[in-house]
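From a predicted model like this one, the values you see are computed outputs, not experimental measurements. For ligands, and for the atoms within them, numbers begin at 1 and follow the listed sequence.
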Amino acid sequence: MAKMQQLIAANWKMNKTIKEAVSFISEFKKLIKNIKNVEIVICPPFTSLQVVSNELKGSNIDLGAQNMNFEDSGAYTGEISPLMLKEIGCEYVILGHSERRESGENDSLINKKVIAALNHGLKPILCVGETFEQRRHGGTEDELEDQLLKCLKDVANPKGLVVAYEPVWAISRGNPSQKAATKADAEDAHLFIRKLLEGMYGEEAAKNTRIIYGGSMKPENAKELLAMPNIDGGLVGNASLDAKSFAEIVEAVG
Ligand code: PEP
């Protein structure tokens with residue numbers, strides 16, 4: 001079975017000033033100018049979205065945000081709405097990242113955000129993943145199923161949805177020596193997610209929904225992870241902060 005076009009997304013988290021973002025984009029665009037077979041997304045912090053949006057015009061790189069509120073507007077101090085992200089040129093939005101779950105987001109809130117994103121034509125990159133304790137006790141599949149069912153409640157059509165399998169224990173948190181999941185463990189989880197999507201939306205929709213891997217993906221391990229049959233791309237944190245290393249990951253797509 002031919003794979004769909006892979007998606008490699010950079011999650012910069014709370015990194016890069018506007019000046020640093022502009023200099024990254026200028027270097028990165030040169031490095032990937034001949035790459036046509038990969039969809040690339042950059043998710044900078046809110047403060048750099050506008051300037052990165054301008055810098056990406058005319059390129060083959062898409063813009064994404066790292067979070068959003070589910071309301072269009074209102075008295076929500078410090079929040080950003082889907083309308084605002086659309087206006088600025090975002091195509092994607094990361095939702096349900098484990099670092100946000102740790103600071104209080106639950107599946108029901110993430111579900112509202114997924115629905116709002118899809119309603120506004122934003123493609124959600126929905127993060128799901130188990131903790132080390134859950135994996136140790138054999139609870140990986142239960143946790144993935146629970147998160148996926150709750151976060152996709154009342155989502156009738158998953159068109160545009162991307163699921164990011166991000167085992168919480170593999171996320172680098174800035175530590176370049178952190179180990180990623182093995183390609184076999186990652187593939188097992190991706191296949192399990194694919195089967196869940198199949199049960200929810202049917203075989204065709206599940207086949208057309210990208211399931212990408214996140215957690216210490218770097219130039220050294222990207223090729224073997226991205227070659228697995230059910231891994232359709234990567235969500236990259238730490239290794240996306242350097243233009244050369246992010247470009248090497250993009251180049252690792254076969
Ligand atoms: C992430 O947190 O989304 C992520 C993939 O981070 P890292 O690549 O640094 O593990």
Side-chain angles (χ1 to χ4, degrees), residues 6-16 20-21 24 28 38-46 48-49 62-68 90 92-105 110 113-114 117 123-132 134-135 140 143-144 147-148 151 161-183 185-187 189-190 193 210-226 228 231-253:
Q6 299 219 31
L7 173 85
I8 305 289
N11 175 11
W12 283 356
K13 310 192 181 189
M14 197 175 70
N15 291 294
K16 293 197 190 295
E20 289 164 345
F24 175 105
F28 182 68
V38 186
E39 185 169 358
I40 305 167
V41 182
I42 294 187
C43 305
F46 289 135
S48 307
L49 278 174
D62 290 327
L63 183 69
Q66 298 174 21
N67 181 36
M68 62 167 215
C90 284
Y92 288 87
V93 59
I94 298 172
L95 296 175
H97 192 281
S98 58
E99 286 154 13
R100 297 206 58 86
R101 290 175 187 263
E102 274 165 24
S103 56
E105 285 200 18
I110 297 162
K113 294 183 179 196
V114 170
K123 298 173 185 156
I125 301 178
L126 169 64
C127 301
V128 294
E130 80 288 0
T131 62
F132 180 72
Q134 287 161 340
R135 174 163 280 265
T140 299
E143 184 59 23
L144 292 178
Q147 287 181 20
L148 214 64
C151 292
L161 172 76
V162 177
V163 178
Y165 169 59
E166 293 217 314
V168 180
W169 47 271
I171 291 179
S172 79
R173 294 174 182 269
N175 171 10
S177 317
Q178 171 65 46
K179 289 225 178 330
T182 63
K183 59 182 182 177
D185 283 346
E187 170 64 15
H190 282 240
I193 292 170
R210 282 188 288 209
I211 307 171
I212 64 176
Y213 171 80
S216 298
M217 184 177 273
K218 39 199 155 198
E220 302 88 283
N221 60 25
K223 207 172 183 68
E224 61 174 31
L225 285 162
L226 295 169
M228 298 310 280
I231 299 186
D232 306 314
L235 179 55
V236 188
N238 202 45
S240 74
L241 295 174
D242 175 76
K244 283 197 190 68
S245 94
F246 190 50
E248 280 177 42
I249 293 174
V250 171
E251 279 161 9
V253 173

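- Listed by number with element, the atoms of ligand 1 under 4.0 angstrom from any heavy atom of N238 are 7 (P), 8 (O), 9 (O).
- Side-chain contact annotation: Q134 with T131, donor-acceptor N/O pair under 3.5 Å present.
- Interface of H97 with ligand 1, defined as ligand atoms under 4.0 Å from a residue heavy atom, comprises 1 (C), 2 (O), 3 (O).
- Nearest approach of V41 to G64, heavy atoms of both residues: CG1-N, 3.9 Å.
- Listed by number with element, the atoms of ligand 1 under 4.0 Å from a non-hydrogen atom of G215 are 5 (C), 10 (O).
- The closest approach between a heavy atom of K13 and any atom of ligand 1 is below 4.0 Å.
- Side chain to side chain, Y92 and E39 meet the donor-acceptor criterion of an N or O pair below 3.5 Å.
- Not a single heavy atom of A239 sits under 4.0 Å from any atom of ligand 1.
- Using a 4.0 Å cut-off between heavy atoms, E166 contacts ligand 1 through its side chain alone, with no backbone atom that close.
- The salt bridge (Lys or Arg N to Asp or Glu O under 4.0 Å) contacts involving residues 94-104 comprise K13-E99, R100-E105, R101-D107, E102-R173, where partners must be two or more places apart or lie in separate chains.
- Listed by atom number, the atoms of ligand 1 under 4.0 Å from N11 heavy atoms are 1 (C), 3 (O).
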Criterion side chain to side chain contact (heavy atoms under 4.5 Å, CB included) on L95 and I125, from CA distance to verdict: CA-CA 6 Å; L95 296 175; I125 301 178; over 6 Å; no
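- Looking from atom 9 (O) of ligand 1 to the surrounding protein, the closest heavy atom is S172 OG, 2.5 Å.
- Aromatic ring pairs are classed by plane angle as parallel below 30°, tilted from 30° to 60° and perpendicular above 60°; the pair F24 and F246 is tilted.
- Given atom 8 (O) of ligand 1, the protein heavy atom at minimum distance is G237 N, 2.8 Å.
- The salt bridge (Lys or Arg N to Asp or Glu O under 4.0 Å) pairs that include a residue from residues 123-132 are E91-K123, E130-R135, where partners are two or more places apart or lie in different chains.
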